Amino acid sequence: MLTSAQLDYGCISNPDEAEQLGELLTQCFGSALNDWQVYLNRIGQDNLRLIRQGKQIVGGLAIYSMGQWYGGQSIPMAGIAAVGIAPEYRGTGAAYTLMQCTLQELHQQGVPISTLYAATQVLYRKVGYEQAGIRCSWQIPTQTIQLRDRTLPMSRIKPVNYEVFQDLYSQQAQTTNGNLNRNPAIWQNLLEAPTNQSIYAYLIGVESQPEGYVICTQSSNAEGLLLNIKDWAFLTPAAARRFWTFCADHRSQVRRVRWYSSLMDSLTLPLVEQTAQIRQQERWMLRILDVPKALEKRGYPLEIETELNLQVQDELFARNNGNFILSVSQGQGKVTPGGTGEFRLHVRALASLFTSLFTPEQLQRMGYLDSTAAALSKASLLFSGSLPWMPDFF
């Protein structure tokens with residue numbers, strides 16, 4: 001097993017290291033070297049981290065600095081992506097060292113939370129991540145969409161520039177636990193068309209005051225032509241109805257429409273019949289790096305005035321260990337050390353509670369926390385909210 005003393009963690013220091021890391025990560029993810037240069041330019045070399053053994057690059061990852069919405073508040077968040085270890089170093093503890101060093105750096109910078117999609121939960125649970133939200137792929141046969149409402153106009157946007165859609169997206173995202181306050185690189189990834197496809201983008205509503213948008217591509221598979229919704233936001237019922245009409249108007253050629261949303265997608269509610277189905281789902285994970293800061297930056301129900309006495313366990317960061325009093329008033333939280341610690345849980349369990357993925361009762365039933373009945377009731381009120389999800393993958 002390699003130890004942190006045998007590995008050097010840091011940034012890319014020269015072009016040769018950038019090339020080495022590119023070769024390593026393209027091997028890990030089965031992509032082309034040409035794609036690496038695009039990725040490097042988009043995310044920026046300063047946002048890549050690696051570990052070396054001597055002059056040999058052992059592994060690396062990327063960091064997206066952005067935000068994530070919880071309780072109506074955008075919390076600074078570090079998105080971890082492209083975690084890769086050279087095949088000959090796998091099973092040596094190198095991945096754990098890479099993640100541990102990255103989290104320590106982020107913790108020192110004062111970043112409250114970190115989110116990632118996990119190829120394996122075992123590694124990320126070892127460094128304090130836990131399941132925190134959902135990304136679902138939905139589909140519906142176009143022939144079954146019976147809505148016909150063209151009250152609102154739709155206008156095609158060319159060229160496609162994410163700044164046109166950013167405000168509409170933010171208005172929707174801030175009401176949804178887990179949605180990203182997107183990094184520009186996330187937008188650029190979103191607006192990149194796959195090979196041999198084109199991006200189509202539309203505003204819904206009058207140009208001076210749009211009520212939504214849709215960004216899509218078209219592709220073919222064994223089932224026929226597909227309409228792939230890459231991104232969407234609908235601020236009014238009329239915009240949602242116009243979207244479904246837009247999809248139905250493709251029915252002469254397009255067999256199915258696909259999009260990403262929540263496990264319980266309210267967008268499907270206006271449909272006449274339950275013909276929309278989930279194709280697949282995956283859960284992303286979150287790590288609370290700074291317990292007091294994360295709890296203070298999160299939003300809470302405005303009508304709740306209470307205190308919750310927590311006891312948190314975290315093997316990686318001493319600052320997160322111990323008893324805390326979370327005082328909530330007018331939707332804002334204040335954290336002070338001390339208290340009775342009657343609501344006891346590991347920092348991993350706190351992640352699932354923090355995002356509202358699981359209720360306190362569910363976590364206690366699975367042995368993830370231990371609490372008095374009174375504290376459990378308070379936590380249920382404080383961390384109530386929409387099921388956390390995001391349409392983005394990174």
Side-chain angles (χ1 to χ4, degrees), residues 47 49 63-80 99-116 124 127-133 173-174 176-183 284-302 304-339 341 343-357 360 363 369 375 378-379 381-385 388 390:
N47 296 312
R49 297 293 181 270
I63 303 171
Y64 288 91
S65 296
M66 46 189 169
Q68 203 167 19
W69 294 95
Y70 292 107
Q73 299 295 320
S74 177
I75 303 176
M77 184 271 281
I80 305 298
M99 287 303 305
Q100 183 185 44
C101 291
T102 302
L103 294 178
Q104 287 171 343
E105 178 189 353
L106 295 171
H107 179 71
Q108 290 169 4
Q109 293 173 355
V111 179
I113 59 175
S114 173
T115 301
L116 54 75
Y124 299 108
V127 292
Y129 285 87
E130 190 48 88
Q131 293 180 15
Q174 65 186 331
T176 307
N177 286 338
N179 273 201
L180 296 180
N181 190 345
R182 288 172 174 158
N183 180 294
W284 39 269
M285 304 181 82
L286 183 137
R287 212 294 183 191
I288 296 183
L289 298 167
D290 188 318
V291 168
K293 184 178 288 188
L295 290 173
E296 289 186 344
K297 288 189 173 294
R298 191 194 195 281
Y300 300 92
L302 287 172
I304 303 299
E305 304 268 341
T306 192
E307 287 186 351
L308 180 65
N309 286 258
L310 302 98
Q311 183 182 98
V312 181
Q313 180 185 356
D314 187 344
E315 293 83 6
L316 199 54
F317 301 120
R319 173 178 163 80
N320 290 340
N321 269 307
N323 290 6
F324 302 94
I325 303 172
L326 170 61
S327 304
V328 173
S329 177
Q330 297 181 341
Q332 295 184 326
K334 177 68 176 176
V335 178
T336 54
F343 190 83
R344 298 173 292 277
L345 73 174
H346 192 272
V347 71
R348 283 175 40 215
L350 184 58
S352 297
L353 177 69
F354 182 87
T355 66
S356 301
L357 178 63
L363 291 169
L369 65 81
K378 292 178 183 179
L381 294 173
L382 291 174
F383 295 98
S384 61
M390 60 175 157

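Since the model is a prediction, treat every value here as computed from it, not as a measurement.
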**Report entry** Under 3.5 Å side-chain donor-acceptor pair for Glu315 and Gln313
**Finding:** yes

Query raised in the report: When rounded to the nearest 0.5 angstrom, what is the spacing between CZ in Arg348 and CG in Leu363?
Result: 11.0 Å

Query raised in the report: Below 4.5 Å, heavy atoms only, C-beta onward: do Arg298 and Ser356 meet side chain to side chain?
Result: yes

Query - Spatial distance of atom CG (Leu381) from atom NZ (Lys378) [nearest 0.5 Å] - result: 10.5 Å

Query raised in the report: Between Pro292 and Phe324, what is the shortest heavy-atom contact and its length?
Result: CG-CE2, 3.8 Å

Query raised in the report: Just how far is it from atom CG of Asn321 to atom NE2 of His346, taken to the nearest 0.5 Å?
Result: 8.0 Å

**Report entry** Side-chain donor or acceptor of Asn177 paired with backbone N/O of Gly71 under 3.5 Å
**Finding:** yes

Requested in this report: Could you go through the side chain to side chain contact (heavy atoms under 4.5 Å, CB included) check for Leu295 and Tyr300 one step at a time?
Outcome: CA-CA 10 Å; Leu295 290 173; Tyr300 300 92; 3.8 Å; yes

**Report entry** Side-chain (Arg49) to main-chain (Ile63) donor-acceptor, under 3.5 angstrom
**Finding:** no

Query - Donor-acceptor under 3.5 Å (Glu307 side chain, Ser327 main chain) - result: no

Requested in this report: Verify, without hydrogens or angle tests, whether Asn320 (side chain) and Val291 (backbone) share a donor-acceptor contact under 3.5 angstrom.
Outcome: yes

Query - Tyr70 side chain near Ile113 side chain, heavy-atom distance below 4.5 Å - result: yes

Query raised in the report: So Leu316 and Gln100, side chain to side chain contact (heavy atoms under 4.5 Å, CB included) or not? Walk me through it.
Result: CA-CA 8 Å; Leu316 199 54; Gln100 183 185 44; 3.5 Å; yes

Report task. Indicate yes or no: at least one non-hydrogen side-chain atom of Met390 is less than 4.5 angstrom from one of Thr176. Result -> no

Query - Check: Ser65 main-chain N/O paired with Asn183 side-chain donor or acceptor under 3.5 Å - result: yes

**Report entry** Nearest-0.5 Å distance that lies between atom CD in Gln73 and atom CD in Gln174
**Finding:** 9.0 Å

Requested in this report: Using the side chain to side chain donor-acceptor pair (under 3.5 Å) rule, take Tyr129 and Ser114 through it: C-alpha gap first, then chi angles, then the decisive distance, then the call.
Outcome: CA-CA 8 Å; Tyr129 285 87; Ser114 173; 2.7 Å; yes

Query raised in the report: Looking at Asp290 and Lys297, does any basic side-chain N land under 4.0 Å from a carboxylate oxygen?
Result: no

Report task. Show the numbers, then the answer: is there a side chain to side chain contact (heavy atoms under 4.5 Å, CB included) between Leu180 and Met77? Result -> CA-CA 9 Å; Leu180 296 180; Met77 184 271 281; 3.5 Å; yes

Query raised in the report: Between Gln109 and Leu289, is any pair of side-chain heavy atoms under 4.5 Å apart?
Result: no

Query raised in the report: Do the side chain of Tyr64 and the main chain of Arg182 share a donor and acceptor less than 3.5 angstrom apart?
Result: no

**Report entry** Over 12 non-hydrogen atoms of neighbours within 6.0 angstrom of CD in Gln332
**Finding:** no

Requested in this report: For the pair Asn181 (side chain) and Met66 (backbone), establish whether a donor and an acceptor sit closer than 3.5 Å, ignoring hydrogens and angles.
Outcome: no

**Report entry** Residue pair Gln108, Gln104: steps toward the side chain to side chain donor-acceptor pair (under 3.5 Å) verdict
**Finding:** CA-CA 6 Å; Gln108 290 169 4; Gln104 287 171 343; 5.9 Å; no

Query raised in the report: For the atom pair CG (Leu286) and CD1 (Ile75), what is the distance rounded to the nearest 0.5 Å?
Result: 8.5 Å

Requested in this report: Please assess Ile80 against Met99 for the test side chain to side chain contact (heavy atoms under 4.5 Å, CB included), listing each intermediate value before the final yes or no.
Outcome: CA-CA 9 Å; Ile80 305 298; Met99 287 303 305; 4.3 Å; yes

